[in-house]
Amino acid sequence: MEHKENAYFGSERLGKLIIKFAVPCILSLLIASLYNLVDQIFIGNGINYLANGATNVVFPITVIALALALLVGDGCAAFLSLCQGRGDRENAHRSVANAISFTIIFSIVLTVLFVFIKEPILWAFGATQGNIGYAREYFDYILIGLPFYIFANAMNSVIRADGSPAFALVTISVGCVMNIILDPIAIFALHWGVMGAALATVAGQVVSAVLAVIYLFKTRTFRLQLNSFRPQFRLLGKVCLLGISSFLTQLSIVVTIACMNNTLIKYGAMSEYGEDIPLTVLGIVMKVFQIVIAFVVGIAAGSQPIIGYNYGAGNMSRVRHLYKIIFIAEAAVGLIAFICFECFPVQIISIFGSGDELYLQFAALAFRIYLCTIILCCVQKATSIFLQALGKPALSMALSLLRDFVLSVPLILLLPLGMGLNGALLSAPIADAISFVAGMVIIFITLFSRKAKSAGGQNNENQTADIGQ
């Protein structure tokens, strides 16, 4: 039944399939990224930019939580799609059940851990004397919703792979709409400040998690049974292996944010901008950047079930055509973003509250330098996700880490030694350019080289043997 349910992945027109699955995925990720953006907009306009800086300090906490969610969610989604392609019904439902158990247990463990290391982690992520009070308050309440946030995001990937991208969109949308409604009420009407913003976010996360639970009782391509939840660590290991790229990518982002925040504080204090303006501005720049990444990841991750099914079925010509379509779409997204960031940086930053002349001056500088190679970044990130969908987590992980950790962290630490704040901003464009070239080499060897094309006729057993390599 499961094989027939999604058999249209191998026959339907690719453009139509990508639109059907990518658009809901884009909207889901876009809405998810609005959680933090909405808080910053209302906090910036209702309190001050120091409070906005505090949300940037706490932001890496949610990235760590998302890393755990994607380790299980993206890994399980990729494994489920491959199972569907080869008609493996038994491992399909068992992988989802084990992923659910893993998510619940470790989300609770992570939340408890954060309670005990609150102070050191806030200072490590760039808290200043000006924003530490706001950061403590926001952190305390955000922790309440962390297990719900992790569960909802993990199951969102599974729901899409199950062939229900519209419901995946609903689970995130309803929670975000609630956050948007409650934010102004809590901040402006009830005068709860950053506590109100955090509680509004938590309320939305709880609703999203509840909707995900409801879906698990009416899945399309698999059925969860009581014996599905019997621990199978070998199966869970395969799931996590496929999701390790997403996991390490998110963790590398955490390390990069920590290094960047501390670098901005150090070199900002030596400049005319001071330590709080660069910290606040670049935090906003990164959040706006996440809007673009929502489109990028949405196109690639939304196409994962299509990629995985066709690769699992051995249809390599269709897989190659898929990559070409995705490449063009991602480059177009990057071009539009590039024009916006280069031409309208002050207008964009003004959405998040007012600031003095120095604040706006640094904002324009940050947008124009830090995101000047966003076209290359869009294609590189999509290529990494595409490799993950092929069941090649090692290549996917290597490409992700090259940009977000191996290159970014040393550049953030070294360039400012001679260039100050400008050096910190230039770290992203240099990392984008090098990792883009690496991505193109890897995808050519994997899909378009003579050797790759000659391997296109291998049977399903050979295709699935690639998992984990």
Query raised in the report: Looking at Phe59, is Lys287 sitting on its ring face, NZ or CZ under 6.0 Å from the six-membered ring centre and within 45 degrees of the normal?
Result: yes
Requested in this report: Go through the steps to decide whether Val292 and Phe341 satisfy the test side chain to side chain contact (heavy atoms under 4.5 Å, CB included), and finish with yes or no.
Outcome: CA-CA 11 Å; Val292 180; Phe341 296 149; 3.7 Å; yes
Requested in this report: Could you please spell out the steps behind the side chain to side chain contact (heavy atoms under 4.5 Å, CB included) verdict for Leu371 and Val288?
Outcome: CA-CA 10 Å; Leu371 299 178; Val288 174; 5.7 Å; no
Query raised in the report: Just by modelled atom types, is the Gln380 backbone N or O under 3.5 Å from a matching donor or acceptor in the Ser384 side chain?
Result: no
**Report entry** Side-chain donor or acceptor of Asn156 paired with backbone N/O of Ala152 under 3.5 Å
**Finding:** no
Query raised in the report: Going by heavy atoms in the side chains, are Lys381 and Asp404 under 4.5 Å from each other?
Result: yes
Query raised in the report: Which atoms form the tightest heavy-atom contact between Ile18 and Ile306, and what is the distance?
Result: N-CD1, 3.9 Å
Query raised in the report: Can you name the nearest heavy-atom pair linking Leu251 to Ala67, along with the distance?
Result: CD2-CB, 4.1 Å
Requested in this report: Measure across Leu80 and Val158 and return the closest heavy-atom pair with its distance rounded to 0.1 Å.
Outcome: CD2-O, 4.2 Å
Report task. Assign the ring pair Phe327 / Tyr323 to parallel, tilted or perpendicular, where the plane angle (0 to 90°) is split at 30° and 60°. Result -> tilted
**Report entry** pair Val239-Phe102: side-chain heavy atoms closer than 4.5 Å
**Finding:** no
Report task. Please tell me if the side chains of Val202 and Tyr149 come closer than 4.5 Å, counting only heavy atoms from C-beta onward. Result -> no
Requested in this report: Please test Thr219 against Val96 for side chain to side chain contact (heavy atoms under 4.5 Å, CB included), starting from the C-alpha separation and ending with a verdict.
Outcome: CA-CA 11 Å; Thr219 53; Val96 175; over 6 Å; no
Query raised in the report: Ignoring hydrogens and geometry, is there a side-chain-to-backbone donor-acceptor pair from Ser396 to Lys392 under 3.5 Å?
Result: no
Query raised in the report: Which pair of non-hydrogen atoms, one from Asn98 and one from Arg230, has the smallest distance, and what is that distance?
Result: ND2-O, 3.4 Å
Query - Closest contact, heavy atoms only, Gly163 versus Phe21 - result: CA-CE2, 4.0 Å
Query raised in the report: From Ser303 OG over to Leu17 CG, what is the distance, rounded to the nearest 0.5 angstrom?
Result: 9.0 Å
Query - From Thr280 atom OG1 to Ile284 atom CD1, the distance as rounded to the nearest 0.5 Å - result: 6.5 Å
Query raised in the report: Any side-chain heavy-atom pair from Phe114 and Phe139 closer than 4.5 angstrom?
Result: yes
Query - Heavy-atom side-chain contact between Arg160 and Gln304 under 4.5 Å - result: no
Requested in this report: First locate atom NZ of Lys218, then atom CG of Asp162, and finally report the distance between them rounded to the nearest 0.5 Å.
Outcome: 9.5 Å
Report task. For Leu68 and Phe247, work out which heavy atoms get closest and say how close. Result -> N-CD1, 4.0 Å
Requested in this report: Tell me, with the steps shown, if Val333 and Ile299 meet side chain to side chain contact (heavy atoms under 4.5 Å, CB included).
Outcome: CA-CA 10 Å; Val333 169; Ile299 293 170; 4.1 Å; yes
Query raised in the report: Is the backbone of Phe125 close enough, under 3.5 Å, to the side chain of Asn261 for a donor and an acceptor to pair up by distance?
Result: yes
Query raised in the report: Distance from Ile181 atom CD1 to Met178 atom CE, nearest 0.5 Å?
Result: 7.5 Å
Query raised in the report: Parallel, tilted or perpendicular: which fits the ring planes of Tyr215 and Phe167, with parallel below 30° and perpendicular above 60°?
Result: tilted
Report summary line: So OG1 of Thr103 and CD1 of Ile108: to nearest 0.5 Å the spacing works out to 11.0 Å
Requested in this report: Can you establish whether the number of heavy atoms outside Phe42 located under 6.0 Å from its atom CZ is more than 12?
Outcome: yes
Query raised in the report: Measuring from Leu182:CG to Thr201:OG1, what's the distance to the nearest 0.5 Å?
Result: 9.5 Å
Query raised in the report: In a check of side chain to side chain contact (heavy atoms under 4.5 Å, CB included) between Ser427 and each of Leu411, Asp432, Thr256, which one passes?
Result: Leu411
Query raised in the report: Between the main-chain N or O of Ala65 and the side-chain N or O of Gln250, is there a donor-acceptor pair closer than 3.5 Å?
Result: no
Report task. Answer whether the closest heavy-atom distance between the side chains of Phe79 and Leu235 falls below 4.5 Å. Result -> yes
Report task. Measure the shortest side-chain to side-chain distance between Leu66 and Thr62 over non-hydrogen atoms and say whether it is less than 4.5 angstrom. Result -> no
Report task. Would you check if Asp74 and Leu242 make a side-chain contact, meaning some heavy-atom pair closer than 4.5 Å? Result -> no
